[in-house]
Structures are given as structure tokens and as C-alpha cells.
Amino acid sequence: MFIKRRKGWEIPESEVTPEPLVLNRRALLGAGAVAAGTIFAGGLAAPVRAGAEPDPSRALYPAKRNETFVLDRDVTPESVNTRFNNFYEFGSDKKIHTAAEALKIRPWTVKIDGLVEKPQEIAIDDLLKLMPLEERLYRHRCVEAWAMAVAWTGFPLRSLLDHVRPLGSAKYVRMETFLDRITAPGQRQFWYPWPYVEGLTIAEAANDLAFLVTGAYGKPLPKSMGAPLRLATPWKYGFKSIKSITRISFVEERPVSFWEKLQAKEYGFWANVNPEVPHPRWSQASEEVIGTGSRRPTQIYNGYGELVAHLYVGLEHERLYV
Ligand SMILES: Nc1nc2c(c(=O)[nH]1)N[C@H]1C(S)=C(S)[C@@H](COP(=O)(O)O)O[C@H]1N2
Ligand SMILES: [Mo]
């Protein structure tokens, strides 16, 4: 994601940092010192190895493929996909896969709250047992004009709605990523509005394409790709596909997402893919297919219009494509 630096960010930190953030940073320095002490005393200095911890959900994969979703291109090789990631909690340079290994994904609970009949806190492994896992081949289009194709495993967000039953007064689903400044160095960058937040309308969430992802390439999801639970909304720009979800709330007010808070003119709520509506700073007419060295023309709704275009009838006055 490219964001324009605000002038204020360039003046010395002491002059711009509000007091609560100064306090947090002091607390952090303290915690850092404790962590360093632990490493020294316990000899834990070895880097965390990928896949070092056994994943308790391993046996659920691979899941049966749902053949409804077909691709117009090859699936992006796993080795490309797990090493080129946007996950700002761990850095902004795409090479976050090693840093992301620090994320602890067990125990992991998802809090479901707000305007819903059955609010609950559910452990990820209990959720996995309840939901109908399947594999789907989806395209993914980042707002930065690159694209990939992935074999996701997961379940329709709709299945979760059916399980927890949002009330009629709920208009939006708001989703939130973990907040852990010790594990995620990006979250110490106070100018970002952590935690990462995204949202959908209830109608979007209930659409068959909206998919909660728990695996990729026939295995549990790698941490770099948002384990243990991330969203895939392939007709929208990739920043809507929030990673490492810890909370799902049903709300009346439209949530303001992470990127929208930073730069509303460039990253809006709807963010539907449209080759004819440029980003304020670049064209969206074509996309680089990562791992291939080639570009392709971008498609309206990223090629999924047949399934989702009806969701936007009557909303033409909204900024549907930014
Ligand atoms: N929590 C969180 N979720 C996130 C992001 C992020 O920085 N933090 N980046 C988004 C963006 S911009 C994209 S393109 C996709 C990237 O997913 P991938 O790394 O699996 O390709 O994740 C999205 N979800
Ligand atoms: Mo993105």
C-alpha cells in the first residue's frame, strides 16, 4: 500500500506524539527490556522456524474443492505467494514472512459480538469443527495493481452468519485483527490506526463469494497469509481481505477501516475492483500477475460481476470503486 506521508510525520516525534502514545511507547521499551532479558537467560535467541509448531488443524486439509469457482489463469505458486505479502503488522516491504512467524496462533479465540442473537467467544479449533470446509480457487487483486490466484480453504462467511444470527438491526459486519505490539513490530508505528479493521454490509457478507479462509494450498494457512482466519472478498481490492481476525462485530454504523482512516480519498469502504476508475495516483486498467512477469487487463469486479453486481444496484451515488 502506498500512502502519502503527512507533513506532521516528519517533525520530531516528541512534538507530535500525544501523551497516551508516549506512555505506550515507554511501556513498550520496558517490555522490550524484559523480553531481551528472557532471551539472554533462557537461550531462546534462535530465530523462529517456519512451521516449527504442529498445527492442531492439520488433519482437516486438504478439503474437497468446490468446482463452482474456476480461474482464467494458473494458481500462483505457493512459494511466490507466501513470500510476497501485505501484512503491515509485520512490515511494509512485502517481505514479512519470517517476521510473521512470531505470531502465536494457538490458543486463538474469535469474539463475536454486537447486534447478534448468539454472541460468543469461540476457539478457532471449535469454529473449524462447526463450519463446512471446502477449497476454492479465487483471484486476488491488490489495489497496488498486482494480482494472484490462490487455492484457499475455508467456509462461506454466510455459514457463520447462519450460526450466530445477526439481528435485523445489524447493517454491517466489522472485523478486527489482533493487537500485540510486542509480537508485531509494525504496530509500534503509532501513526497507523491499529488494530486493522475492515467491514462489509450484511448483504455482502451473506453473498456466496465472501469466504472466511483458514487454509491455502491444501494446508493450514501460513502466518504470512493471515492465519488462523482471514477474509477473501475477491471482487474487492485486497485490503478488504483482513488477516488474523480476532473479533467479528455486527453493527448499525458503517465501520471505518484501517486504510480509510489513513487516506479516505484513496481507500474507501466499498473498494470494488473497476479498471475504469483509477486510484488517485495510478491507473487500475491492468495488473501484474505476480510470479509470471506479465500483465493482464483488469476486469470489473475482478471478473466476479455475475455474482455480485446486483449488490450495488441503487447505490450508484456511493464511491463504489475506490
Ligand atoms: N491485518 C491485515 N490484513 C491485511 C493487510 C494488512 O496489512 N494487515 N493487508 C491487506 C492487503 S493490502 C492485501 S493485498 C492482502 C494481501 O494478502 P496476501 O499477503 O495473503 O497476499 O491482505 C490484506 N489484509
Ligand atoms: Mo493490497
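Quick note: residue numbers are just sequence positions, from 1. In each ligand, atom 1 is the first atom listed, and ligand 1 is the first ligand listed.
Contact between E198 and ligand 1 is absent, with no heavy atom of the residue lying under 4.0 Å from the ligand. No heavy atom of G226 sits closer than 4.0 Å to any atom of ligand 1. The shell of residues lying under 4.0 angstrom from ligand 1, judged by heavy atoms, includes R230.
The nearest non-hydrogen atom to atom 21 (O) of ligand 1, considering only H97, M175, M225, M148, comes from M148. When the heavy-atom distances from atom 9 (N) of ligand 1 to N86, V213, V150 are ranked, the shortest goes to N86.
Taking any N or O of K243, backbone or side chain, at least one lies under 3.5 Å from an N or O belonging to ligand 1. Looking at N85 next to ligand 1, an N or O pair under 3.5 Å apart turns up. At least one N or O atom of Y88, backbone or side chain, sits closer than 3.5 Å to an N or O atom of ligand 1.
Geometrically, R254 engages F269 in a cation-pi contact, judged by NZ or CZ lying under 6.0 Å from the ring centre and within 45° of the ring axis. Both tests pass for K94 against the ring of F84: distance under 6.0 Å to the centre and angle within 45° of the axis. Under the 6.0 Å distance and 45° angle rule, K240 does not count as a cation-pi partner of Y267. Figure legend: R139 and Y304 shown as a cation-pi pair, the cationic atom lying under 6.0 angstrom from the six-membered ring centre and within 45 degrees of its axis.
Here the straight-line distance linking atom CG of L157 with atom CE of M131 works out to 10.0 Å at 0.5 Å rounding.
Heavy-atom neighbours of D74 CG from other residues, nucleotides or ligands within 6.0 Å: at or below the threshold of 12. By the 6.0 Å contact criterion, CZ on R165 is open, its count of non-hydrogen atoms from other residues, nucleotides or ligands being 12 or less.
Looking at T177 against ligand 1, only its side chain comes within 4.0 Å, counting heavy atoms. With a 4.0 Å heavy-atom cut-off, ligand 1 is reached by no atom of K240.
Numbered from 1 in the order shown, with element, the atoms of ligand 1 that lie under 4.0 Å from a heavy atom of F239 read 10 (C), 11 (C), 12 (S). Close approach to F87 involves these atoms of ligand 1, each under 4.0 Å from a residue heavy atom: 1 (N), 6 (C), 7 (O), 8 (N). Near C142, meaning under 4.0 Å from any of its heavy atoms, are these atoms of ligand 1: 14 (S).
Using a 4.5 Å heavy-atom cutoff, the side chains of D208 and F69 are in contact.
The only option from R141, Q299, R296, R295 that meets the side chain to side chain donor-acceptor pair (under 3.5 Å) definition with E287 turns out to be R141.
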